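A short write-up of the structure that comes next.
Because the structure is predicted, anything quoted here is derived from the model rather than measured. In what follows, every chain begins at residue 1, and chains take the letters A, B, ... in the order their sequences are listed.
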Amino acid sequence: MTNFEPKSALLQTLQARGFIHQTSDMAALDALAAAGKLIAYVGYDCTAPSLHVGNLMSIMMLHWLQKTGNKPIVLMGGGTTQVGDPSGKDASRPLATLETIAANKASIFRAFSKFITFGDGTHDAIMVDNADWLTKLNYIAFLRDVGRHFSVNRMLSMDSVKLRLEREQELSFIEFNYMCLQAYDYVELNRRFGCNLQMGGSDQWGNIVTGVDLGRRLGTPQLHALTCPLLTTASGAKMGKSAKGAVWLNPDMLSAWDYWQFWRNAEDADVTRFLKLFTLLPLDDIARLSALQGADINEAKKVLATEATALVHGREAAETAAQTAAATFSGGELDTNLPTIEISGAEAGELGILSAAVMAGLAGSNGEARRLITGGGLQANSAPVTDPALKLANIDLLEGGFIKLSRGSKKHVLLKIVP
RNA sequence: GGAGGAGUGUCCCGAGUGGCAAAGGGGGCGGACUGUAAAUCCGCUGGCUACGCCUUCGUAGGUUCGAGUCCUACCUCCUCCA
C-alpha cells in the first residue's frame with residue numbers, strides 16, 4: 001500500500017493527508033475514484049445530539065470524496081442505535097428512546113451540512129437511516145437469507161471478538177450480531193444506491209470486510225473498504241475528550257471559543273498531522289507551517305485552530321475566537337467576546353466567590369472551587385483569590401461592569417453585572 | 001444443578017487485619033518551569049450552611065459502642081464439575 005501511487009485526485013489527497021490506514025484494493029479504488037464512480041458511506045450512531053471530533057476524520061473523508069467528484073452517503077444508525085451498541089460494557093446504560101434517536105438524528109445532520117452538500121444530483125450527498133430496513137427485518141428470513149453466509153468460526157477469529165474472549169470479558173449475543181447487521185447495511189446500501197465503498201476508523205476494518213464478503217456471497221458487484229487510522233494524540237490519549245468532556249461539533253453543545261481553544265492547545269507533535277486531517281489548507285501551506293520550530297509552532301497552532309473552527313462554526317466565529325484569544329492571552333486585555341454569564345446586581349451583592357465559580361462553570365461544586373482557591377488556581381480580574389469567603393460585591397468591576405473569573409491560565413468567564 | 005472465587009471512592013485499575021472519607025497507581029485538574037506545547041517537580045482529586053455535619057465499598061437485612069471488614073438472604077460475573 002505504501003508503494004502505491006494513486007492517479008485519482010481522491011486517493012492522492014487522502015494518502016497525502018494521512019487518511020488511509022488500510023484499503024481492500026487500492027488499484028481498483030483508484031480506478032473507480034478517477035472515473036467518479038465511487039459511492040461511499042460512513043455510518044454514525046445516534047446516541048448523542050451531536051457528533052464530536054472523534055467523528056471528524058470520517059466526515060473529512062466524505063468531504064474530500066465529494067470534492068473530487070464522488071458521491072457520499074451518510075448512514076444514520078437509527079436502527080442499530082435502538083439496539084444499542086453494548087461495547088461500552090456497562091449494560092446499565094438505558095437505551096435511547098425512539099424520540100431521542102429522532103431528535104439526535106436531526107441535530108447531527110446540521111454538522112454534516114457544513115462539510116458536504118446534500119441534494120438530488122449525481123454527486124450530491126444523501127442521508128439515509130438503517131432503521132428504514134433493519135426494523136422491518138424478519139428474524140427467520142434474515143437468518144435464512146443472510147445469516148447462513150456468516151461463519152461463526154471466522155467471526156470468532158476477528159479481533160473485535162477475539163480480544164474480548166481472550167480477556168474473558170462479556171460478549172453478548174446482540175453484540176456478536178452487530179457485525180452481521182452492519183454487513184447487511186452495506187449490502188442494502190449497494191442494492192438501493194449502488195454504494196460500493198464503506199469507510200470508517202481502523203477499528204471498523206473487520207466489520208467492513210465482513211460486509212464486503214457478504215456482498216460477494218449475495219451477488220453484489222465488488223464492494224470496497226477503506227479505513228483511516230484511529231486518532232490519538234501524540235502522547236497516546238484518545239482524541240475528542242477534553243476537560244469538559246467530549247469536544248462536540250454542534251455550536252449549542254460547545255462554543256466556537258472552546259472549540260478554537262481545543263485546537264489551539266494541541267501538542268506540538270500533532271500540529272502537522274492535524275493540519276492535514278482537519279483543515280482544507282493546501283499541502284504547500286501546511287508544509288510551510290510544519291517547518292516552524294520551538295515557540296514559533298504557536299503560529300501554526302493558531303492557524304490550525306482558526307481553520308478547523310471555521311469549518312464547523314464559520315469563518316466569522318473563528319476569527320472572533322482568534323482575536324479574543326489574542327487580546328486575552330497576548331494583550332492581557334479584556335475582550336467581551338469571552339464566554340459571559342449575566343448576574344443581576346441584587347443577586348451579585350450576596351453572591352460568594354465559590355458559588356460564582358460554580359455558576360460560571362469553572363468548578364463543579366463549592367468544594368472544588370474552595371480547593372481551587374487553596375491551590376491558587378482561581379483568579380478574579382487576573383488577581384489570585386485567596387479568601388473563599390470573598391463576596392462578589394467586594395470585587396472592583398472592570399470597565400463595562402464585568403468581573404473576569406479565571407480557572408488556571410486558560411479558562412476565562414466574564415460575569416456581567418446587570419441592574 | 002454442584003463446588004470454589006469475585007464485586008471497593010459513579011473516570012479506570014486496585015490494597016484493605018472491626019475504629020475508614022478508606023493505601024497505592026493511572027487519568028484529570030491546579031501550581032512551578034515554558035511557548036496557552038512536551039518532559040519534569042509539587043499540590044488537589046465525595047457533598048455541605050465547613051475546626052463540625054452528611055453520604056459512600058454489588059443489594060437488603062442482622063451482630064456490635066462501632067462494619068468495606070463478621071453473620072443471613074438475594075443479585076451479577078468468573079473458574080471447575082454435571
Side-chain angles (χ1 to χ4, degrees), chain A residues 86-94 164-173 175 232-247 257-275 289-290 292-306 308-309 321-333 335 338-339 350-358 360-380 382-391 404-413:
Chain A
S87 61
K89 77 187 166 210
D90 278 1
S92 55
R93 179 178 41 176
R164 292 284 280 279
L165 294 180
E166 280 172 358
R167 282 190 282 168
E168 295 181 349
Q169 285 174 341
E170 158 82 0
L171 179 72
S172 73
F173 184 63
E175 185 169 14
T232 55
T233 69
S235 42
K238 273 183 215 131
M239 270 295 277
K241 300 287 182 189
S242 77
K244 286 182 178 174
V247 180
W257 161 257
D258 284 322
Y259 194 74
W260 195 93
Q261 285 295 323
F262 169 75
W263 294 105
R264 175 63 183 83
N265 284 300
E267 298 172 27
D268 284 10
D270 287 326
V271 174
T272 300
R273 200 158 54 105
F274 287 180
L275 280 167
L289 291 168
S290 302
L292 296 173
Q293 294 294 321
D296 290 339
I297 294 176
N298 283 327
E299 291 311 311
K301 289 186 187 176
K302 288 174 193 166
V303 174
L304 168 65
T306 302
T309 305
Q323 284 159 18
T324 303
T328 305
F329 287 95
S330 308
E333 303 158 16
D335 188 306
L338 282 172
E350 282 307 304
L351 204 60
I353 190 72
L354 298 179
S355 309
V358 172
L362 293 176
S365 66
N366 285 5
E368 189 182 337
R370 189 183 297 270
R371 276 181 240 119
L372 206 55
I373 290 174
T374 308
L378 189 71
Q379 291 101 270
S382 305
V385 175
T386 51
D387 176 16
L390 181 69
K391 299 281 186 201
K404 184 171 83 167
L405 233 47
S406 312
R407 170 178 183 147
S409 52
K410 292 184 192 175
K411 291 182 209 102
H412 309 280
V413 175

Look through every strand shown and name the nucleotide pairing with [N] as Watson-Crick or G-U wobble, where both distances are under 3.5 Å.
{"N": "B/U79", "answer": "B/A3"}
{"N": "B/C41", "answer": "B/G31"}
{"N": "B/U10", "answer": "none"}
{"N": "B/U56", "answer": "none"}
{"N": "B/U36", "answer": "none"}
{"N": "B/G18", "answer": "none"}

[X] [atom1] to [N] [atom2], straight-line distance once rounded to whole Å:
{"X": "A/Gln293", "N": "B/A37", "atom1": "CD", "atom2": "P", "value": "18 Å"}
{"X": "A/Arg264", "N": "B/A38", "atom1": "CZ", "atom2": "P", "value": "11 Å"}
{"X": "A/Leu304", "N": "B/G35", "atom1": "CG", "atom2": "C1'", "value": "16 Å"}
{"X": "A/Gln261", "N": "B/A37", "atom1": "CD", "atom2": "C1'", "value": "13 Å"}
{"X": "A/Lys302", "N": "B/G35", "atom1": "NZ", "atom2": "P", "value": "13 Å"}
{"X": "A/Arg370", "N": "B/G43", "atom1": "CZ", "atom2": "P", "value": "22 Å"}
{"X": "A/Asn298", "N": "B/A38", "atom1": "CG", "atom2": "P", "value": "11 Å"}
{"X": "A/Glu267", "N": "B/G35", "atom1": "CD", "atom2": "C1'", "value": "14 Å"}

What's touching nucleotides 54-57 of chain B from the protein side, N or O pairs under 3.5 Å?
none

Say you pick atom [atom1] in [N] and the same atom in [M]; how far apart are they, in whole Å?
{"N": "B/U34", "M": "B/G14", "atom1": "P", "value": "40 Å"}
{"N": "B/C11", "M": "B/C80", "atom1": "C1'", "value": "34 Å"}
{"N": "B/U69", "M": "B/G61", "atom1": "P", "value": "14 Å"}
{"N": "B/U56", "M": "B/G7", "atom1": "C1'", "value": "16 Å"}
{"N": "B/G31", "M": "B/U49", "atom1": "C1'", "value": "30 Å"}
{"N": "B/G2", "M": "B/G46", "atom1": "P", "value": "42 Å"}
{"N": "B/C54", "M": "B/A22", "atom1": "P", "value": "16 Å"}
{"N": "B/C12", "M": "B/C65", "atom1": "P", "value": "37 Å"}

inquiry  = Can you identify which nucleotide, out of B/C48, B/U36, B/G35, has its nearest atom closest to the A/Asn265 side chain?
reply    = B/U36
Proximal nucleotide (of B/C48, B/U36, B/G35) relative to the A/Lys301 side chain = B/G35
Among A/Asp296, A/Asp270, A/Asp268, salt bridge (Lys or Arg N to Asp or Glu O under 4.0 Å) partner for A/Lys301 = A/Asp268
Euclidean distance, [Y] [atom2] relative to [X] [atom1], rounded to 0.5 Å:
{"X": "A/Trp263", "Y": "A/Thr306", "atom1": "CH2", "atom2": "OG1", "value": "12.5 Å"}
{"X": "A/Gln261", "Y": "A/Thr309", "atom1": "CD", "atom2": "OG1", "value": "9.0 Å"}
{"X": "A/Ile353", "Y": "A/Thr386", "atom1": "CD1", "atom2": "OG1", "value": "10.5 Å"}
{"X": "A/Leu378", "Y": "A/Ile373", "atom1": "CG", "atom2": "CD1", "value": "5.0 Å"}
{"X": "A/Leu372", "Y": "A/Asn366", "atom1": "CG", "atom2": "CG", "value": "12.0 Å"}
{"X": "A/Asn298", "Y": "A/Leu304", "atom1": "CG", "atom2": "CG", "value": "11.5 Å"}

query = Which heavy atom in A/Tyr259 sits nearest to a heavy atom in A/Ala308, and how many Å separate them?
reply = CE2-O, 3.7 Å
ask   = Which atoms form the tightest heavy-atom contact between A/Ala357 and A/Ala369, and what is the distance?
value = CB-CB, 4.1 Å
note = Note: for A/Gly364 and A/Phe329 on RNA chain B, the residue whose nearest nucleotide lies more 5' is A/Phe329
key: Side chain A/Ser406, main chain A/Ser409, donor-acceptor under 3.5 Å   = no
ask   = What is the nucleic acid contact for A/Arg371, judged by heavy atoms within less than 4.0 Å: base, sugar-phosphate only, or nothing?
value = sugar-phosphate
inquiry  = Counting the atoms with a prime plus P, OP1 and OP2 as sugar-phosphate, which does A/Glu368 contact under 4.0 Å by heavy atoms, base, sugar-phosphate, or nothing?
reply    = nothing
task = Fit a plane to each ring of A/Phe329 and A/His412, take the angle between them on a 0 to 90° scale, and name the class: parallel (under 30°), tilted (30 to 60°) or perpendicular (over 60°).
result = perpendicular
Distances for protein N/O vs nucleotides 30-34 of chain B N/O pairs under 3.5 angstrom?
unit_1 : atom_1 : unit_2   : atom_2 : d
B/G30  : OP1    : A/Lys411 : NZ     : 3.0
B/G30  : O2'    : A/Gly375 : O      : 3.4

ask   = Pick one for B/C48: is it syn, with its angle within 90° of 0, or anti?
value = anti
key: From CA spacing to verdict: salt bridge (Lys or Arg N to Asp or Glu O under 4.0 Å), A/Lys302, A/Glu299   = CA-CA 5 Å; A/Lys302 288 174 193 166; A/Glu299 291 311 311; 3.3 Å; yes
message = When you measure only distances, ignoring hydrogens and angles, does the side chain of A/Asp268 come within 3.5 Å of the base of B/G35 through a donor and an acceptor?
response = yes
